[in-house]
Colleague: 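Structure incoming, see below.
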Number of protein chains: 2
Amino acid sequence: MDTRRLAAFIKVVDVGSVTRAASLLHIAQPALSQQMVALEGEFRQKLLIRSPRGVSLTPAGRALYHHAHIMLRQEAEARRSVSQPGLVVSGEVCVGLAPSSSATSLALPLLRKVRVSGVRTYGTKKVH
Amino acid sequence: MDTRRLAAFIKVVDVGSVTRAASLLHIAQPALSQQMVALEGEFRQKLLIRSPRGVSLTPAGRALYHHAHIMLRQEAEARRSVSQPGLVVSGEVCVGLAPSSSATSLALPLLRKVRVSGVRTYGTKKVH
DNA sequence: GCTAATTACGGGACCCGTAATAATT
DNA sequence: AATTATTACGGGTCCCGTAATTAGC
């Protein structure tokens with residue numbers, strides 16, 4: 001999956017037209033049209049509803065549109081942190097909760113369930 | 001930025017060797033070596049330290065390695081939600097806080113500062 | 001000298017732009 | 001007829017695999 005294609009897809013959706021998006025992206029319309037076809041082939045799903053008045057999204061297209069934004073932001077962040085390694089904070093975050101408080105009984109099961117990478121939960125442990 | 005390249009990069013780093021990674025990815029070693037060179041060209045940064053015993057990461061490479069994992073997970077999630085639109089929850093989340101409580105005075109400035117996409121904060125407003 | 005990486009090079013796939021075609025209002 | 005999108009096709013670039021070369025232990 002190429003972020004360039006995702007950016008093109010987003011532009012097409014935002015302006016609602018392959019023609020205008022191509023003009024804004026400084027590429028020819030057929031090229032952009034092919035990119036959209038290729039994108040649909042990659043996901044094996046129709047993403048755009050074509051009409052002589054422009055394009056609109058299918059449900060699958062809407063889903064991709066959402067994730068495309070996220071991935072493009074991730075890409076930007078990756079470029080920043082790679083071009084200036086050391087500027088970005090990194091390491092571990094450790095969260096401690098007072099035992100037997102309502103926070104513990106609520107947050108601990110929540111943390112265990114939440115789908116985030118690298119989350120580790122430990123049982124109760126006294127800290128002196 | 002192509003996620004395929006990122007996956008290849010991750011594999012190279014994980015096994016610490018271009019040769020073995022190429023074997024695991026079922027591509028020829030020079031092809032993979034070229035991909036890594038291309039990746040370094042794309043970021044204008046040396047990412048790998050080559051030695052006759054394998055490869056290791058530069059600081060920039062470490063940064064990319066971290067973000068590559070995130071982007072690949074995003075890609076997987078995108079594929080899931082696109083291939084089965086409707087299964088994934090979507091929409092807006094609205095958080096309301098009782099006015100003049102400690103939660104408001106703490107959470108509101110926090111939300112304004114937090115770097116998350118699409119977060120909008122509004123002032124106090126009575127809800128009947 | 002052995003291991004692992006890189007360059008050299010030829011074939012195939014992909015991307016783009018121009019030109020021509022189809023479809024809907 | 002006008003607007004928008006698609007197919008057709010030729011040229012350039014990128015990707016891969018095989019073969020030959022370089023670099024460090």
Colleague: Could you give the CD1-to-C1' distance, from B:I27 to C:dA13, as a whole number of Å?
Modeller: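 Interatomic distance, CD1 of B:I27 to C1' of C:dA13: 16 Å.
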Colleague: Starting from C1' on C:dC15, measure out to CG on A:L39 and report it in whole angstrom.
Modeller: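 About 14 Å, once rounded to whole Å.
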Colleague: Distance-only, no hydrogens or angles: does the A:S33 side chain make a donor-acceptor pair with backbone N or O of A:Q29 under 3.5 Å?
Modeller: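 Answer holds: no.
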Colleague: For A:Q35, report the nucleic acid contact type (base, sugar-phosphate, nothing); a contact means any heavy atom under 4.0 Å.
Modeller: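 Sugar-phosphate contact only.
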Colleague: Atom CG of B:D2 and atom CG of A:D2: how far apart are they, to the nearest 0.5 Å?
Modeller: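 Between atom CG of B:D2 and atom CG of A:D2 there are 5.5 Å.
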Colleague: Scan nucleotides 1-5 of chain C against the protein and return all N/O pairs shorter than 3.5 Å with their distances rounded to 0.1 Å.
Modeller:
residue: C:dA4; atom: O4'; partner: B:P52; partner atom: O; Å: 3.2
residue: C:dA5; atom: OP1; partner: B:V18; partner atom: N; Å: 2.9
residue: C:dA5; atom: OP2; partner: B:T19; partner atom: N; Å: 3.0
residue: C:dA5; atom: OP2; partner: B:T19; partner atom: OG1; Å: 2.2
residue: C:dA5; atom: N7; partner: B:Q29; partner atom: NE2; Å: 3.2

Colleague: With sequence neighbours excluded, give me every salt bridge (Lys or Arg N to Asp or Glu O under 4.0 Å) pair touching residues 30-42 of chain A.
Modeller: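 Every salt bridge (Lys or Arg N to Asp or Glu O under 4.0 Å) pair that includes a residue of residues 30-42 of chain A, provided the two are not neighbours, is A:R5-A:E42, A:E40-A:R50, A:E42-B:R79.
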Colleague: Can you tell me how far CD1 of A:I70 sits from CG of A:L6, rounded to the nearest 0.5 angstrom?
Modeller: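 Interatomic distance, A:L6 CG to A:I70 CD1, rounded to 0.5 Å: 11.5 Å.
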Colleague: With a strict under 4.0 Å distance from non-hydrogen atoms of chain A, what nucleotide opens and what nucleotide closes the contacted stretch of DNA chain D, reading 5' to 3'?
Modeller: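 Result: D:dT4 to D:dC9.
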Colleague: In the structure I gave you, are the side-chain heavy atoms of B:L48 and B:V13 within less than 4.5 Å of one another anywhere?
Modeller: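 Counting from C-beta outward, B:L48 and B:V13 do come under 4.5 Å.
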Colleague: Counting C-beta onward and ignoring hydrogens, is there a side-chain heavy-atom pair between B:Y65 and B:V12 closer than 4.5 Å?
Modeller: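 No, side chains not in contact.
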Colleague: Find the distance B:R4:CZ to C:dA13:C1' and express it as a whole number of Å.
Modeller: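 My rounded result for the distance is 12 Å.
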Colleague: Quick check: do A:M71 and B:T3 have side-chain heavy atoms less than 4.5 Å from each other?
Modeller: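 Sidechains of B:T3 and A:M71: in contact.
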Colleague: Side-chain heavy atoms nearer than 4.5 Å, only ILVMFWY residues, links allowed to pass through others: does that put A:L64 and A:L72 together?
Modeller: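 A:L64 and A:L72: one cluster.
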Colleague: Could you tell me the separation between the CG atom of A:D2 and the C1' atom of C:dA13, rounded to a whole number of Å?
Modeller: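 Atom-to-atom, A:D2 to C:dA13, this comes out as 15 Å.
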